[in-house]
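Presented below is the structure to which this report refers.
Reckoned from all heavy atoms, side chains included, excluding hydrogens, waters and symmetry mates. Counting starts at 1 for both ligands and their atoms, following the listed order.
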Amino acid sequence: MSNASKHPKRTINIDTVLEVSNLQTVFWSRNNRIYAVNGISFHLNRGEFLAVVGESGSGKSVTMMSIMKLLPTPPAEIVAGRVRLGGRDLLSLDPHEMRKVRGGEVGFVFQDPMTSLNPVVTVGYQLMEPLRKHLGLRRSEARKRAIELLSLVGIPSPQDRISDYPHQFSGGMRQRVMIAIALACDPKVLIADEPTTALDVTIQAQILELVKKLRQEIGMSIIWITHDLGVVAGIADRVMVMYGGLVVECAAVDDLYANPRHPYTRALLETLPRAGMALRERLKSISGQPPHLTAFPTSCPFAPRCPHVLDRCRRERPPQMPVSEGHDAACWWDISKGRPRDDV
Ligand code: ADP
Ligand code: MG
């Protein structure tokens, strides 16, 4: 019997570079457990730009840190899940193999380059180290490549800047250095966790333009975390919306903007500034509090804030369900028809 007929429901997409299934991460503390990530599944295709959005505390960072096994255990524990990259399950790799993946097949950029860059070492050294460690380049080759990388991310006079320390760069330039480091070993996947949040809007836009250009040139896949849907609208292929440690909606970017199917996504879109909108309207935010994550969600975590809440939402947590081709939403309410879904 062939594999396909043994698993008739599962379609394996050869273009998928990263596949996360049922990932669940908790934090242990003395008095309680924090259910930070509660069984989420998603995939990333080759060359794709996937934006991950959701308000602060929705589990975006914990998801990505779990994938890369960067969380200290304890207090963190990955209690379930699989993370497939290049035919392997990352969660079963030993620390040595995992170090080869990080900075090798997967590059990372974090929010604050001041804490991720080593302040007492030149940026040149920080660029050359992964090149020597992962690719085995000699010093002179690594130096040449480091200069090329700085130039690639748009740092002027890279041959001079290579011997500067992080504090000698502006915030935007430091973030470019972080991207250069993340790109050093030609990663298949770049994961960027709110990398431009601390920067002003013009520089944010410049960095996104740069990443867009690099993606075309290098052909890598990107996961870009942000709490601002507006920032990634012009660049993302797909958007995944998280809430309460769950994926509540995932769709191609145009589809998500045109037909948001989860009330939380709709509320997020309503908070975006639009041309001609008065300032007070722009400052509109979603009323109510984000969920406390001290119990595993057995109901919809958005129910207390949801304008369409049904009894069922409090009894039964909606899973990620397809609403159309390539679009899924975890909601019992059919927002397009204005009535509960009758097909699930
Ligand atoms: P986001 O990146 O979406 O803002 P996070 O993934 O950082 O959110 O956090 C998800 C949840 O996990 C939050 O409730 C947060 O308080 C909790 N959390 C994150 N790190 C820790 C930690 N080290 N110990 C306990 N709880 C944590
Ligand atoms: Mg975060």
Side-chain angles (χ1 to χ4, degrees), residues 18 20 22-42 44 50-81 83 90-91 102 106-116 175 178 182 190-199 204 207 222-232 236 238-250 262 264-265 267-268 271 285-286 288-305 317 320 330:
L18 179 76
V20 175
N22 189 35
L23 182 70
Q24 233 175 297
T25 303
V26 299
F27 290 95
W28 295 85
S29 72
R30 229 172 339 152
N31 304 319
N32 55 15
R33 250 189 273 182
I34 305 288
Y35 290 82
V37 173
N38 299 310
I40 78 167
S41 300
F42 66 94
L44 179 69
L50 175 71
V52 180
V53 300
E55 65 198 338
S56 181
S58 57
K60 306 182 298 293
S61 297
V62 172
T63 298
M64 301 310 153
M65 303 278 275
S66 301
I67 291 175
M68 284 293 100
K69 296 218 276 189
L70 281 170
L71 293 169
T73 51
E77 184 188 351
I78 297 173
V79 291
V83 177
L90 296 189
L91 297 185
R102 289 195 291 261
V106 184
F108 264 90
V109 190
F110 292 105
Q111 181 167 0
D112 181 3
M114 224 30 202
T115 56
S116 344
Q175 201 52 275
M178 284 301 300
L190 176 73
I191 300 180
D193 190 350
E194 308 221 29
T196 57
T197 307
L199 305 173
Q204 279 191 33
I207 290 189
I222 299 170
I223 298 179
W224 193 276
I225 300 182
T226 174
H227 60 263
D228 188 345
L229 253 178
V231 169
V232 291
R238 274 191 305 136
V239 180
M240 173 166 111
V241 183
M242 289 190 63
Y243 189 84
L246 294 164
V247 174
V248 293
E249 184 159 8
C250 192
H262 196 285
Y264 176 64
T265 311
L268 269 186
T271 64
S285 64
I286 305 166
Q289 294 298 312
H292 289 293
L293 301 170
T294 46
F296 187 79
T298 51
S299 56
C300 174
F302 193 59
R305 298 167 85 177
R317 166 152 73 87
Q320 282 169 249

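Thr73 places no side-chain N or O within 3.5 Å of a backbone atom of Ala76 that could act as its donor or acceptor partner. The closest donor-acceptor contact from the side chain of Lys60 to the backbone of Val241 lies at 3.5 Å or more, if one exists at all. Looking at Ser41, its side chain does come within 3.5 Å of a backbone N or O of Asn22 through a donor-acceptor pair. At least one donor-acceptor pair closer than 3.5 Å links the side chain of His262 to the backbone N or O of Tyr264.
Atom numbering of ligand 1 starts at 1 in the shown order; those under 4.0 Å from a heavy atom of Ser58 are 1 (P), 3 (O), 8 (O). Distances below 4.0 Å separate heavy atoms of Ser56 from the following atoms of ligand 1: 4 (O). Taking every non-hydrogen atom of Ala36 and a distance limit under 4.0 Å, the qualifying atoms of ligand 1 come out as 11 (C), 12 (O).
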(request) Could you give me the CA-CA distance, side-chain angles and deciding distance for Leu23 and Leu91, then say whether side chain to side chain contact (heavy atoms under 4.5 Å, CB included) is met? (result) CA-CA 10 Å; Leu23 182 70; Leu91 297 185; 4.2 Å; yes

(request) Decide side chain to side chain contact (heavy atoms under 4.5 Å, CB included) for Val52 and Phe42; before the verdict, give the C-alpha distance in whole Å, the side-chain angles of both, and the deciding distance to 0.1 Å. (result) CA-CA 11 Å; Val52 180; Phe42 66 94; 5.9 Å; no

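Ranking protein heavy atoms by distance to atom 24 (N) of ligand 1, first place goes to Phe27 CD2, 3.5 Å. Ranking protein heavy atoms by distance to atom 4 (O) of ligand 1, first place goes to Gly57 N, 2.7 Å. The nearest heavy-atom contact from the protein to atom 16 (O) of ligand 1 is Ile34 CG2, 5.0 Å. The nearest protein atom to atom 5 (P) of ligand 1, hydrogens excluded, is given as Val62 CG2, 3.8 Å; this is a heavy-atom distance.
Within the 4.0 angstrom cut-off, atom 19 (C) of ligand 1 has one or more protein heavy-atom neighbours. Distance check on atom 7 (O) of ligand 1: some protein heavy atom falls below the 4.0 Å cut-off.
Between the Mg ion (ligand 2) and Ser56 there is no N/O/S contact shorter than 2.8 Å.
Ring geometry for Phe302 against Tyr243 counts as perpendicular: the plane angle is over 60°, on a 0 to 90° scale with 30° as the lower cut.
Contact between Ala182 and Val109 at its shortest, heavy atoms only, is CB-CG2, 3.8 Å. Scanning all heavy atoms of the two residues, the minimum distance from Ser66 to Ile78 falls at O-CD1, 3.6 Å.
At a 4.0 Å heavy-atom cut-off, ligand 1 touches Leu293 through the side chain alone.
Taking only nitrogen or oxygen atoms, main chain and side chain alike, Thr63 does not reach within less than 3.5 Å of ligand 1.
Judged by the shortest distance from any of its heavy atoms, Gly59 lies inside the 4.0 Å radius around the atoms of ligand 1.
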